[in-house]
Amino acid sequence: MQLLAGTTKGKGKAPAKKGQGEAEAGRSRNQLAKERPPLFAEELWACMYCNYCSAECPTAREVGWESTTPRGKIRMFKSLVDQWRPNRGVEVPDAFVRAVYECTSCGRCSVVCHVGIDFLTHHEELRRWLARSGCGPMEDHDVMVRSLKNYGNPYLSPSRDRARWAEGLDLPTKGEVLYFAGCSDSFVHPDVARRTVAVLGALGMDVAYLGNDEPCCGSTAVRLGLEGPFADLASDVRRRIEGSGAKLVVTACPGCSSAFREYYPKAGFDLDVEVIHLTELLDRELREGRLRFSDRLPGRYVYYDPCHLGRIDGVFEPPRRVLEACVEEVVELARSHEESLCCGSGGGLKTAFPDQATSIGGRVVEMAQDTGADTLVTACPWCETNIGDASAAKTAGLRVVDIIEVVHQALHLDEAVEGTEKRKRRAPGRLVG
Amino acid sequence: MAGKGTKGRGGRKGGDAPPDWARLLERRMDPGLVCLDPAELQLYDRDAAPLPASAKWAFNPRPDAVVRPKNADQVRKVVRFAIKAGVPIVPRGAATWGFGGAVPNNGGIVFDLQGLSDIHVDRDTMTVTAGAGAIWRDVQDMAERRGYMLPAYPTSAPGSTVGGWINTGGVGVGAFRYGGIERQVRALRVVLPNGEHVRLGFDRVIPNSSGYDIKSLIIGSEGTLGIVTEATLELQPAPEEFRPLAAGFPTSKELGDFIQLLARSRITPYHVSFYDSSHLSNLERLGEDVPYKGGLVSLVFEGYSAMVGWEWEATAELVRRAGGEVAGERFANTTWDEHMFDLRVARDGPTLLMNEVFVPLSRISEVMAGMARIINSHNVLGGIVGTAASRSTASLMPYALVDRRKWSTFFAFGLVDEFAQLAMDLGGRPAGVGLWMAYQMPELHGESMGAMVAIKKALDPKDIMNPGKLVHAVSKFDIKLPAAVMNLGTKSISMVHTLLADSGRRKRDARSNGSKGASEAAEMVEEERAEDLEEERAAMEAAEAGIDTETGDDSEGTKEG
Ligand SMILES: Cc1cc2nc3c(=O)[nH]c(=O)nc-3n(C[C@H](O)[C@H](O)[C@H](O)COP(=O)(O)OP(=O)(O)OC[C@H]3O[C@@H](n4cnc5c(N)ncnc54)[C@H](O)[C@@H]3O)c2cc1C
Ligand code: SF4
Ligand code: SF4
């Protein structure tokens with residue numbers, strides 16, 4: 001059965017998509033993929049159509065049509081694999097490209113699949129195949145692709161502004177413990193970066209940083225399937241981390257930590273240092289008695305598991321232990337741990353489908369409100385941004401913060417650190433995850 | 001949000017033009033509600049049954065339009081449109097059922113109802129009211145969060161919808177203690193084939209009363225009598241304890257003995273499921289550690305801890321008496337935890353062919369042995385997963401693991417029918433009918449068939465509500481199918497060929513006579529053109545006079561009844 005036959009004819013530029021943010025004029029895209037599609041179709045044949053994945057998939061829940069469900073996409077993928085011929089390749093319709101990118105890379109489908117299809121991995125493989133064939137990513141991602149190329153970050157921000165968060169802190173650029181701020185905390189949540197350094201300082205750690213030379217970790221390139229840019233960024237990161245003399249790399253961004261731990265080794269860029277997410281480090285310090293809180297902050301807090309820290313990297317308990325140590329009451333969302341609902345910003349969705357992303361974030365906000373908590377605590381800048389946006393859009397009044405803000409406050413460090421306000425200036429248009 | 005989620009899904013290209021009525025539907029309804037994109041429509045041509053391509057010779061399972069309503073009013077409007085246009089309506093939940101109920105027999109409008117997903121728990125009446133498209137697991141979660149438990153749900157709860165299970169009259173988890181879905185429903189809201197949106201049953205008190213119990217007609221009607229938009233279901237207070245028990249048996253014989261001992265005792269577990277030796281070896285092949293080879297029973301008890309403890313011990317005694325062995329707590333817990341993933345064995349298939357049948361509980365050993373023989377005779381891997389649906393009835397899901405891509409698999413489709421036949425020979429029946437088993441209805445229901453047809457005709461005189469299902473086995477050429485054609489096994493191949501030969505002639509006839517509903521649709525298009533002109537004129541006049549033309553149209557609300 002040729003599911004996709006007849007939806008797009010001939011070669012040429014994909015029609016510009018309108019209506020979801022200001023897409024820039026598209027570069028020319030292929031609609032013919034010569035390279036053989038990834039050969040994972042064998043596993044996909046086991047799909048029994050139980051819908052478990054679709055009921056959990058944030059984009060499928062949001063949009064609904066069968067083509068946004070993982071099981072629907074599986075049918076489309078299989079059809080494309082079937083249509084490919086060695087001598088003439090396969091036509092890749094817009095609907096297919098859209099299906100591949102209408103996904104937050106949250107990995108929920110892979111966890112819930114009845115027959116264990118690792119759909120997320122296939123998705124990523126497909127994105128790489130589309131990008132290699134010149135058929136992806138979508139035109140709506142162009143702004144991000146250009147930003148990565150021209151600015152070395154996804155936020156259209158000049159590199160000279162990268163380390164502005166550290167102004168006046170006088171941090172060294174060499175040392176055993178390297179704080180890797182990442183693009184999001186550098187450009188969007190400088191308060192998180194400053195507070196992280198303050199808390200680590202209070203724990204007696206002299207952290208180094210890479211200043212304006214810190215490259216993007218490349219996780220956004222991974223999500224869009226851009227192997228070339230990812231390889232360039234990864235080798236730059238590796239070189240600079242090696243040059244810093246670091247033995248331990250700390251980051252507060254799960255995009256960075258999962259890139260370093262999961263994707264670098266897969267692409268042959270092993271870092272010869274220990275990489276740790278900030279929450280794991282704080283938990284270690286807590287358990288070893290170096291992190292102590294004299295009192296607990298009042299209020300009801302709810303912890304939100306970011307997909308890439310939790311489901312992908314398996315870090316569930318450390319942030320909870322830290323939070324429980326410093327606030328009065330911690331409650332759980334109806335869906336947490338492995339079952340955590342995606343915030344909606346990942347996989348480039350917020351760039352190409354910003355309304356969908358905010359709407360998905362809205363479901364997390366509703367769930368948080370259902371717990372009666374006044375503050376939602378997360379440990380990922382993408383989640384903080386998107387759930388924060390959703391809360392603002394709903395005028396829900398739910399405070400959305402990074403865990404470091406709570407720890408910082410509980411340690412009474414506020415008075416000691418200046419410049420912890422959020423940066424008002426955001427990247428133009430939208431963000432990507 | 002206008003058009004939300006339809007970006008890239010609107011257009012239709014190539015020679016695949018939608019019928020005029022479909023374009024009209026798209027124009028008349030709210031933006032984003034109707035989809036005519038062929039690539040999207042193609043994805044709505046199946047349910048959980050992996051049918052052989054040959055099924056498409058007899059049916060046209062691809063809809064002409066799919067609608068995805070977000071509220072009951074949108075359902076009602078599209079139904080009214082379909083009535084006027086004489087176009088088939090096919091209600092669809094999550095399409096996880098395997099009998100083709102949600103698959104068109106000949107195009108028409110598929111209603112993807114998953115957008116009707118609101119869930120509300122009422123503490124006063126101890127009920128939950130859920131949209132027909134709500135996923136069972138979400139309903140279950142909501143009930144638990146409010147301090148209740150859902151008495152019954154299908155094992156497909158993570159993926160299937162409330163409306164789907166109601167319309168299949170399902171039996172699932174919790175059946176042994178609380179019965180199937182029919183015992184949980186207090187009230188339904190339904191859009192009938194006359195376009196009225198009515199409430200059937202009572203929300204606040206139990207529905208027993210004099211008066212025709214129309215609500216119960218809808219349960220198990222497979223979408224042939226109306227579209228359920230909402231259901232009010234009974235809840236139970238959350239138990240103090242949930243405690244699983246697992247027991248291994250040397251063969252299906254001892255397993256069957258145990259289940260009968262249990263059924264004849266006063267012990268009332270919440271749920272009882274069982275697995276035959278072949279299923280267990282399929283799990284082993286997946287790398288799972290299965291300490292019992294001959295057969296496994298998994299039970300779960302719920303209620304006050306003291307009572308749960310007593311029943312647990314008493315059951316353990318019955319296990320031993322039947323020659324079985326009580327498993328450790330950890331194994332019992334993991335078996336129960338996996339109860340919604342029993343069919344993970346499909347990974348080894350990769351195609352899962354299955355049926356679901358009800359058989360007298362007193363004969364389960366016999367039926368299981370017969371099913372094992374059928375599986376062996378086809379020389380395929382397979383297994384049996386079962387549930388004690390009540391003290392008298394077992395629900396069995398025999399399955400075969402095949403590779404659909406191999407041509408020889410075509411013959412294996414006959415298995416599905418053989419399982420059903422075996423069940424009927426031993427006093428049981430298939431659990432569902434849908435499109436694929438509709439030909440068996442007369443044999444199944446015998447003399448009550450006449451009354452069923454009369455009810456269908458009375459409620460749906462134009463036969464637009466899920467035609468070809470349950471009471472009529474009709475192919476896309478409007479031929480009533482003989483039983484043998486639907487027997488998709490070896491016997492059927494020649495019949496399918498006959499049908500193919502016949503199809504050329506029928507297609508020509510269809511073209512010259514105009515397909516069903518075509519003339520009505522053409523009339524509607526004409527009417528619409530006239531109406532458009534009229535509307536335009538009225539709008540211009542109204543604009544001049546400063547009147548809002550958006551209100552007052554088609555606004556008949558929900559009726560209570
Ligand atoms: C892994 C797995 C486990 C299963 N376990 C069970 C089980 O334990 N018990 C059981 O009974 N079944 C079981 N099933 C079968 C199936 O999942 C259930 O019958 C399920 O409830 C069907 O729901 P659905 O939303 O998928 O319905 P669909 O398949 O979409 O539809 C089923 C029928 O109902 C009609 N329908 C759907 N929604 C409506 C509506 N709102 N109004 C009118 N008609 C409607 C359709 O037209 C169709 O005829 C299982 C299936 C799978 C894949
Ligand atoms: S990774 Fe997440 S968003 Fe993507 S298909 Fe899977 S569940 Fe959906
Ligand atoms: S959960 Fe797995 S088997 Fe079920 S529909 Fe999704 S991909 Fe298919």
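Everything numeric in this text was worked out from a predicted model, so none of it was measured. Lettering of chains follows the sequences in order, A, B, ..., and the numbering in each one begins at 1.
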* To do: Please report the closest heavy-atom contact between B/Pro158 and A/Ala55, naming both atoms and the distance.
  =>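 Nearest pair, atom of B/Pro158 first, then A/Ala55: O-CB, 3.1 Å.
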
* **Minimum heavy-atom distance between B/Leu343 and A/Met48, given as atom pair plus value** =>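 Heavy-atom minimum between the residues: O-CE, 3.0 Å.
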
Does a side-chain heavy-atom distance below 4.5 Å link [X] with [Y]?
X	Y	answer
B/Glu40	A/Thr68	no
A/Thr371	B/Arg145	no
B/Asp403	A/Trp45	no
B/Arg347	A/His114	no
B/Leu43	A/Arg71	no
B/Tyr44	A/Trp65	yes
A/Tyr52	B/Met340	yes

Atom pair [atom1]/[atom2] of [X] and [Y] - distance to nearest 0.5 Å:
X	Y	atom1	atom2	result
B/Leu41	A/Ser67	CG	OG	10.5 Å
B/Phe341	A/Cys113	CZ	SG	8.5 Å
B/Asp138	A/Glu56	CG	CD	7.5 Å

* To do: Flag yes if more than 12 heavy atoms outside B/Asp118 fall under 6.0 Å of its CG atom; otherwise flag no.
  =>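 No - once you tally the heavy atoms of other residues, nucleotides and ligands closer than 6.0 Å, there are 12 at most.
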
* Do B/Gln114 and A/Asn51 pass the side chain to side chain contact (heavy atoms under 4.5 Å, CB included) test, and can you show the C-alpha distance, the side-chain angles, and the key distance before you say yes or no? -> CA-CA 11 Å; B/Gln114 289 182 78; A/Asn51 202 46; 3.4 Å; yes

* Relative to chain A, which segment of B/Ala49 carries a heavy atom at a distance below 4.5 Å: side chain, backbone, both, or neither? ->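 No part of B/Ala49 comes within 4.5 Å of chain A.
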
* Asked: Which bit of B/Val66 is near chain A, if near means a heavy-atom gap under 4.5 Å: side chain, backbone, both or neither?
  ->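 Both parts, heavy atoms under 4.5 Å.
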
* **Max heavy-atom pair count under 4.5 Å with chain B, selected residue of A/Thr59, A/Thr69, A/Asp370** =>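 Among the listed options, the one with the most contacts to chain B is A/Asp370.
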
* Asked: With respect to chain B, which residue among A/Gly116, A/Ser54, A/Cys47 yields the maximal number of heavy-atom pairs within a distance under 4.5 Å?
  ->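 Result: the option with the highest number of such pairs is A/Gly116.
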
* When you check the gap from the basic side-chain N to the acidic O, do B/Arg68 and A/Glu66 get nearer than 4.0 Å? ->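 Salt bridge between B/Arg68 and A/Glu66, a charged N being under 4.0 Å from a carboxylate O: no.
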
* Asked: So, B/Arg344 side chain and A/Val115 main chain: donor-acceptor pair closer than 3.5 Å or not?
  ->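 Pair absent, no side-chain N/O of B/Arg344 close to backbone of A/Val115.
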
* What residue in B/Ser160, B/Ala346, B/Ser156, B/Gly159 has the most heavy-atom pairs under 4.5 Å with chain A? ->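 Top option by heavy-atom pairs under 4.5 Å: B/Gly159.
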
* Between B/Arg46, B/Met142, B/Glu144, which has the largest tally of heavy atom pairs under 4.5 Å with chain A? ->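 Among the listed options, the one with the most contacts to chain A is B/Arg46.
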
